[in-house]
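What follows is one structure encoded as structure tokens, with my remarks underneath.
All of these numbers come straight from a predicted model, not from anything done at the bench. All chains are named by letter (A, B, ...) in the order of the sequence lines, taking the proteins before the strands, and each is independently numbered beginning at 1.
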Amino acid sequence: MIPARRRGTPPPLRPEAPMSILPPVYARLTDHVAAAVRAAFPDLEAMPDVQVVRSKPDFPSDYQTAVAMQLAKPLRRAPRQIAEGIAEALRARTADLIATVDITGPGFLALTLSDAGLADVLAEQVASPRLGAPTLEGTVVIDFSSPNVAKQMHVGHLRSTIIGDALRRIGTFLGHTVVGDNHIGDWGTQFGQLIYAWNHWRDDDAYAADPVAELERLYVKFHQASALDDALNDAARAELAKLQAGDPTNRALWAKFRDDSQHAFDEVYDRLGVRFDETLGESFYHEMLAPLVDDLTARGLAERSEGAMCVFFRDENGEETLPPFLVQKKDGAFLYATTDLATIRYRKERWDPVRVIYVTDLRQRLHFQQLFATAAKMGIDTRLDHVWFGLMKLPEGSFSTRKGNVIALKTLLDEGEARARAVLEARNAEQDDALSAEEIDALAPMIGLGAIKYADLSNHPQTDVVFEFDKMLALNGDTAVYLQYTSARTHAVQRKAEAAGAPTPDGHPVHLEAPEERDLLLHLLDFGAAVHGAWENGRPSDVAHYLYQLATRYHRFYAKCPILKAEGALQASRLSLNALTQRALTAGLDLLGIEAPMRM
RNA sequence: GCCCCCAUAGCUCAGCCGGAUAGAGCACAGGAUUCCUAAUCCUGGGGUCGCAGGUUCGAAUCCUGCUGGGGGCACCA
């Protein structure tokens, strides 16, 4: 039985996470609380959804749960009285992990970990290769970036590329086999136009100098010319038909345009550190389209309407739940929808993925609702998620080729690096322990690209972004540089500690004196939850926020707690915190595709 | 016309499958370095969480309506 869903509501992106993949501390605490609830109220019919969360900074406890309030109604008793019962049972069975259980406010159970318990969970964290994140299995396909052949990559491509790459890294980190697939636009109408334009107006020298720029010029020129003379459109269609029929000349041109464009894409990807496992463009699927439509028709999933082949979505009353999805035009040509359906089917057959994630802008939301609904009709039960993000705009309005205000991705990256270099050089001039020229060469792209990526990734993806160089490349505040600086600090501490002969920290013992230390440690334990949440929600910004919080806590700890001047157990404990912070920062930044320098 | 998304501090945003006193950054005002990198830290002012109802022990968070902004809706991708 499929649960009723409101008209037009997309499928939920966050299914319930099974208990078993909670990070260690939370798994233990929830287990304890649940067991205490059972012990205190054996007659309880239904177990409530027990959630243990970190207490807010100003509250004295480490963790808290509102379970007593949730039980007030079924038990028909006062929350505080229920909390008493649970607290009693908790105290009786968890002295090793929980030091104190208090009842606060309307009936919250406030839990504070014992020193032994903290030492225990810390040791687990240190021993965990994934820093407490769960292990996930199966193959996941991520479809991202997807630029069009013959067009320059501009800042509008940045978000899909950066978010998709971060998701690819996060999924891989969590244990999935991830297939990053660049579904480039290398087929369709524009090729007939390009071939026509190439044959009539090409400038061979310009092409030799910058193929993509020349193709873009031809593309624009064709559109200007065809607006005045409709015969050009027929001519372009004829070239397209020849191409699709396998005409060797047009086929060779098409391959040339595609390959030369790919080189330009690769330059940008290399600079960004973005990798794909596959680049199966639309052309790869074109021979699968006719059989697909035949199949849809044969199975009664598609029907002819106003000359076109459509998939309709109707509920049991015959009401349309979504607008129709066109899979074939009346002239017989196939559409974006057709290719995407063929792609889903191909991916299912080749990889049998547990999940497929599409990263595109919000304008495609309806398309993906229709696509996923059709896939379901076809019997494809893979989890399909559309991770969508807001549009990139200029303060004065949207980007547009016609307005000539499109900013090439390359230009943005150059600008980022140049600004980072300028800051580095200015700082270096007034620093005692100066960086070498080689170090600056290495740091400028790390910092410049980090700033650009972080500006994008730290925003909730589903909001529009107003593109401003100054904001995007700001080098203070909640930015990548702040995180990178934190990383450099942990390395500096480590270097000096090693030079002074301090033993390598192993998370043993834990010796917490200042509240800043406890706060940092508890936050470190949340790494796995943050990464897993980011993955489930399709939202790398969760990792970015976690890291920012981590860096802030580390700096407070650093300002308050001397490390190298501390002695014995206290120093060992602080060095462990330092080391674990470094691991979490390095791993977390890597998940965002940002490098963590050892010195800056 | 129908559908979807958004509205939180002067600005940019976080928090949103309900949980205590709504948090950051920027900007503004002030302070901290005999001590591990001051790209840091601390303090301060700043809020009818768009408006009005509703559900609930509890609403920025869920529901309904309204206002304003953005996006989409048959042969583009």
Whole Å only: how far is the [atom1] atom of [X] from the [atom2] atom of [N]?
| X | N | atom1 | atom2 | result |
| --- | --- | --- | --- | --- |
| A:Glu320 | B:rC3 | CD | P | 14 Å |
| A:Trp187 | B:rA77 | CH2 | P | 13 Å |
| A:Phe59 | B:rU21 | CZ | P | 7 Å |
| A:Tyr63 | B:rG19 | OH | C1' | 18 Å |
| A:Leu362 | B:rG69 | CG | P | 18 Å |
| A:Phe372 | B:rC4 | CZ | C1' | 15 Å |
| A:Gln81 | B:rC57 | CD | C1' | 15 Å |
| A:His367 | B:rA74 | NE2 | P | 14 Å |

ask   = Under the side chain to side chain donor-acceptor pair (under 3.5 Å) criterion, do A:Thr486 and A:His555 qualify, and how do the steps go?
value = CA-CA 7 Å; A:Thr486 314; A:His555 282 302; 3.0 Å; yes
Which whole number of Å gives the distance between the [atom1] atom of [N] and that of [M]?
| N | M | atom1 | answer |
| --- | --- | --- | --- |
| B:rG53 | B:rA14 | C1' | 28 Å |
| B:rG54 | B:rG58 | P | 13 Å |
| B:rG70 | B:rC13 | P | 15 Å |
| B:rG68 | B:rC28 | C1' | 30 Å |
| B:rG72 | B:rA38 | P | 49 Å |
| B:rG1 | B:rC17 | P | 33 Å |
| B:rC2 | B:rA74 | C1' | 15 Å |
| B:rC26 | B:rC5 | C1' | 27 Å |

Salt bridge present between [X] and [Y] (N-O < 4.0 angstrom):
| X | Y | answer |
| --- | --- | --- |
| A:Glu516 | A:Arg556 | no |
| A:Asp519 | A:Arg54 | yes |
| A:Asp456 | A:Lys453 | no |

Would you indicate which nucleotide in [options] comes nearest to any side-chain atom of [X]?
| X | options | value |
| --- | --- | --- |
| A:Arg539 | B:rG19, B:rA77, B:rG15 | B:rG15 |
| A:Tyr336 | B:rG25, B:rA20, B:rA77 | B:rA77 |
| A:Leu366 | B:rG19, B:rA74, B:rG72 | B:rG72 |
| A:Trp388 | B:rC57, B:rC5, B:rU21 | B:rC5 |

query = Does the ring of A:Tyr548 lie flat against the base of B:rA24, closer than 5.5 Å centre to centre with planes under 30°?
reply =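 It does not: the two rings, one from A:Tyr548 and one from B:rA24, miss the stacking criterion.
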key: OP1 or OP2 of B:rA20 under 4.0 Å from side-chain N/O of A:Arg54   =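 For B:rA20, neither OP1 nor OP2 has a side-chain N or O of A:Arg54 closer than 4.0 Å.
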inquiry  = Is there a side-chain contact between A:Lys73 and the phosphate of B:rC57, meaning an N or O under 4.0 Å from OP1 or OP2?
reply    =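 Yes, A:Lys73 has a side-chain N/O under 4.0 Å of OP1/OP2 on B:rC57.
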key: Protein proximity profile, nucleotides 36-43 of chain B - base contact B, sugar-phosphate-only contact S, no contact -, cut-off 4.0 Å on heavy atoms   = BBSBSSS-
inquiry  = If you go through the side-chain atoms of A:Gln549, does one of them form a donor-acceptor pair with the base of B:rA24 closer than 3.5 Å?
reply    =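 A donor-acceptor contact between them is absent.
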query = Is there a donor on the side chain of A:Ser541 or the base of B:rA14 sitting less than 3.5 Å from an acceptor on the other?
reply =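 Side chain to base: no pair below 3.5 Å.
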Aromatic centroids of [Y] and [X] separated by under 6.0 Å:
| X | Y | result |
| --- | --- | --- |
| A:Phe108 | A:Phe59 | no |
| A:Phe372 | A:His386 | no |
| A:Phe557 | A:His523 | no |

How would you label the contact of [X] with the nucleic acid (heavy atoms, under 4.0 Å): base, sugar-phosphate, or nothing?
| X | value |
| --- | --- |
| A:Asn578 | nothing |
| A:Ala72 | nothing |
| A:Glu282 | sugar-phosphate |
| A:Thr486 | nothing |

request  = Determine whether more than 12 heavy atoms belonging to other residues, nucleotides or ligands lie under 6.0 Å from atom CE of A:Met598.
outcome  =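 Counting other residues, nucleotides and ligands, CE of A:Met598 stays at 12 neighbours or fewer.
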message = Going by salt bridge (Lys or Arg N to Asp or Glu O under 4.0 Å), name the residues that satisfy it together with A:Arg304, two or more places apart in sequence or in a different chain.
response =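 By the salt bridge (Lys or Arg N to Asp or Glu O under 4.0 Å) rule, A:Arg304 matches no residue at all.
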query = A:Glu282 side chain to A:Ile184 main-chain N or O, any donor-acceptor pair under 3.5 Å?
reply =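 Pair absent, no side-chain N/O of A:Glu282 close to backbone of A:Ile184.
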Where A:Pro597 and A:Ser487 come nearest, the two heavy atoms and their spacing =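 Closest approach of A:Pro597 to A:Ser487: O-OG, 3.0 Å.
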task = Could you pull out the closest heavy-atom pair between A:Ile344 and A:Tyr358, with the gap in Å?
result =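 Shortest heavy-atom contact: CG1-OH, 3.1 Å.
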Stems where RNA chain B pairs, listed by first number, each of three or more Watson-Crick or G-U pairs under 3.5 Å =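 For RNA chain B the paired stretches long enough to count as stems (3 pairs minimum) are B:1-7 with B:67-73, B:10-13 with B:23-26, B:28-32 with B:40-44, B:50-54 with B:62-66.
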query = Starting at the 5' end of RNA chain B, which residue's closest nucleotide do you reach first, A:Glu306 or A:Ser61?
reply =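 In this pair, the answer is A:Ser61.
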